Amino acid sequence: MAGFILLLFGTLIWWPCVTLSVTVDSLNATGSIRDGDTMVSAGAIFELGFFSPGSSTKRYLGIWYTNSKTSVPWVANRETPLNDSSGVLHVTNQGVLVLVDGDGNNVWSSNASRLPSSPVGRPVVQLLDSGNLVVIDSGNFIWQSFDYPCDTFIAGMKIGKDFRTGLDRYLSSWTNPNDPSPGMFTYRFELSGFPEVMVRDNSTIRFRSGPYNGVRLSGMLEMKENPIYTYDFVFNEQDLYLTFTARNSSTLLRGVLSSEDGSIIPFTWIDPNRGWIQNLPLYIDNCDRYALCGANGICDNNRSPVCSCLSGFSPNNPKEWDAVPGSGGCRRNTQLNCSGDGYITVSNVKVPETKHSWFNYSINLQECKDMCSSDCGCTAYANLDITNGGSGCLLWFTDLNDMRYITDSGHDIYVKVAASELAQNKSPRRVAKANNRTRIVAITSALSAGVLIAVLTVVLCLRWKKKLKGEAIVSFSGVNDVITKELLFFFPNRTPEESETEVSLLATHTIVPFDTFLYQIPRYRLFEFPGLKNPSSKVPPADTRVSPSLMDCPGLIVFSAKVLVVKKINKHRTSTINKASNFH
């Protein structure tokens, strides 16, 4: 008995020095979570607790996946980190979550603006298997973490605005992997006109989703029917939001707003051995860059260059456009006169930016056209919804900005132009095809001319062989240091009386690895002679290739030598034999 009392006394002395790690599934007003404690969702999918990201020593309250503790979709005090492990989380009788430090100072608290003015009954904090941290009273959510996203979009979360309360839900990137405070990029619906998502780098727009067209946000090419998830877009008097749901509830999906470039990177959890599989970003090609082709330009990722002006428009600054296609945008060839104007159809596109646009869900396309025609300031119109033959109306009143062709489920847009432009209407893609046909004809002609020149060159070469009975010096103008600038091709059976320095032995047909110089050296020795400019390189480059001789013509340049001078050597003097300038 005395031993038991001694043991109990020793335990009581030791107990205050120990911090126990506790795991709970809910929290009420009488409880708390300390650094080292965690809250785990019922299905053990998500866990709430304190952590330090990356190499940081700061402490944050966050939610992570139990199978991937470095994947943290939500952080409470992302802007107000703790400096030590003294943090404590508790919930008030009012249903407000409060995080305090070791001195009792308030570090973070949940938004109480939606809470009732009088005390609630029995508030309970619970972490759901969806990853949503909620405060519940009598079965009703009085606060939830899904209303305050960080950088991660997970199934069941809504991105958008509650018009009843003014709550705006949007993503903001981390500053870097060691700092979860809001970074440069945001992913957010903008509402000046028909709503669409904008990715901003601080205040600069980097990407625009396009409006919802009944199939997807028109510029989000990866948002299409698939076996992994479904998505939903809701826009009414009360709500605007985008959400998605995993088809298989056991599939873990997340989209992370990159802190490096603002792209949304989707991840799928496969198994513990393979971990998260990173899929392609939701916007990845060149035409996804916001307004790449400027006002009234259109981007086509299947063309080069990708930018062109809409039919009836020309570059604002042709020289600037030629240097950087898309630069400066496009202007009308003929101004509208509000009488007799018509429309050109541009098909399968992401429609222009909807800022300052007008929309109506109930009218049809003909009524939409009539409205645009009756308004001198209207610049284009389109159906709002492209499903079931099309419905609704979108009108534009400014320059058409950030358009691109897309592969499927694209809009048809009707662009207003002067009547004089209708007769010569050609879409950018038709113009491109015509240009390609012209280019093919030009290339074919050039190849034919090249063959003819090659034949003439062989004939001339054979004539030169009769004249060149001895040594020959070939001088190249515009040749860099890759080969010698003044060379002597010496016949193998003859030795010049001048002093000679052997440079190298070259085999038959040699291709030098710069630009397009190709020349023949049929088993001749390469020499340096006194009185001539010293060669800048005495050996061929290491990657020079040789092949059997095709011709027996010294100094034959097949491609693009700017100046070719062949000289005949006579003991102590040289004389020009032939000269071919800009030879091709």
Side-chain angles (χ1 to χ4, degrees), residues 20-53 60-78 89-91 95 97 99 110 122-159 169 171 180 226-232 241-256 264-279:
L20 292 180
S21 177
V22 178
T23 299
V24 298
D25 59 6
S26 63
L27 176 69
N28 58 32
T30 61
S32 63
I33 294 179
R34 298 177 178 276
D35 197 322
D37 301 342
T38 61
M39 179 187 293
V40 178
S41 66
I45 298 173
F46 289 95
E47 188 170 8
L48 169 76
F50 292 87
F51 75 104
S52 295
Y60 296 88
L61 177 70
I63 297 171
W64 57 83
Y65 292 85
T66 55
N67 57 13
S68 177
K69 296 186 184 299
T70 58
S71 302
V72 183
W74 186 78
V75 182
N77 58 321
R78 63 187 306 200
L89 175 71
H90 63 89
V91 59
L97 288 170
L99 174 63
S110 59
R122 294 180 178 177
V124 175
V125 182
Q126 192 169 5
L127 179 60
L128 306 181
D129 278 337
S130 62
N132 193 10
L133 180 67
V134 298
V135 179
I136 306 172
D137 179 53
S138 302
N140 298 315
F141 289 6
I142 59 176
W143 181 90
Q144 59 179 345
S145 62
F146 271 15
D147 283 342
Y148 306 94
C150 292
D151 71 330
T152 304
F153 194 13
I154 57 181
M157 184 182 286
K158 297 176 181 178
I159 299 297
R169 312 175 191 93
L171 302 180
N226 65 80
I228 307 300
Y229 63 88
T230 62
Y231 48 86
D232 196 15
Y241 63 82
L242 177 69
T243 188
F244 75 94
T245 305
R247 291 185 182 274
N248 186 334
S249 59
S250 63
T251 302
L252 298 181
L253 305 170
R254 63 189 176 105
V256 179
I264 292 284
I265 304 175
F267 292 90
T268 305
W269 180 265
I270 303 298
D271 56 52
N273 293 326
R274 298 172 64 188
W276 292 104
I277 300 299
Q278 178 178 326
N279 303 311

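Source: prediction; values computed, not measured. Computed from heavy atoms alone, side chains included, the values below leave out hydrogens, waters and symmetry copies.
- The shortest distance between side-chain heavy atoms of F46 and L133 does not fall below 4.5 Å.
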query: Is there a side-chain contact (heavy atoms from CB on, under 4.5 Å) between L89 and L48 once you walk through the steps?
result: CA-CA 11 Å; L89 175 71; L48 169 76; 4.2 Å; yes

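- Here the shortest heavy-atom pairing between G131 and S145 reads O-OG, 4.0 Å.
- Looking only at atom types and distance, the side chain of S138 has no donor-acceptor partner in the side chain of N140 under 3.5 Å away.
- Between the CG atom of L61 and the CG atom of L97 there is a distance of 8.5 Å, given to the nearest 0.5 Å.
- With rounding to the nearest 0.5 angstrom, the CG atom of D151 is 13.0 Å from the CZ atom of F153.
- Using a 3.5 Å distance cut-off with no hydrogens or angles, the side chains of W276 and S71 do pair a donor with an acceptor.
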TODO: Test S41 against L127 for side-chain contact (heavy atoms from CB on, under 4.5 Å), laying out the working first.
DONE: CA-CA 5 Å; S41 66; L127 179 60; 4.2 Å; yes

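- Between R254 and P73, every side-chain heavy-atom pair lies at or beyond the 4.5 Å cut-off.
- Nearest heavy atoms, T66 versus A44: OG1-O, 2.6 Å.
- Nearest heavy atom pair, residue T38 against residue W64, reads CG2-CZ2, 4.3 Å.
- Side-chain contact, D232 with T243: no donor N or O sits under 3.5 Å from an acceptor N or O.
- Remark: R169 CZ to D147 CG distance equals 5.0 Å, nearest 0.5 Å.
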- Query: For N132 and W74, what are the C-alpha separation, side-chain angles and deciding distance, and is it a side-chain contact (heavy atoms from CB on, under 4.5 Å)?
  - Reply: CA-CA 9 Å; N132 193 10; W74 186 78; over 6 Å; no

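- Nearest heavy-atom pair, C150 versus R78, reported as atom, atom and distance to 0.1 Å: CA-NH1, 3.5 Å.
- Side chains of N28 and R122 form no contact here, defined as non-hydrogen atoms less than 4.5 Å apart.
- If you take CG on N67 and CD on E47, they are separated by 11.0 Å, rounding to the nearest 0.5 Å.
- The line from CG of N279 to OG1 of T268 is 4.5 Å long, rounded to the nearest 0.5 Å.
- One finds the OH atom of Y229 at 10.0 Å from the CZ atom of R247 (value rounded to the nearest 0.5 Å).
- Between V135 and P123, the shortest heavy-atom distance links the atoms CG1-CB, 4.3 Å.
- Among all heavy-atom pairs drawn from I228 and N226, the shortest one is N-OD1, 2.8 Å.
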I would like to know whether I45 and W269 meet side-chain contact (heavy atoms from CB on, under 4.5 Å); could you show each step before the answer?
-> CA-CA 12 Å; I45 298 173; W269 180 265; over 6 Å; no

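- Checked against a 6.0 Å centroid threshold, the rings of F50 and Y60 do not count as neighbours.
- The closest side-chain heavy-atom distance from F146 to L128 is not below 4.5 Å.
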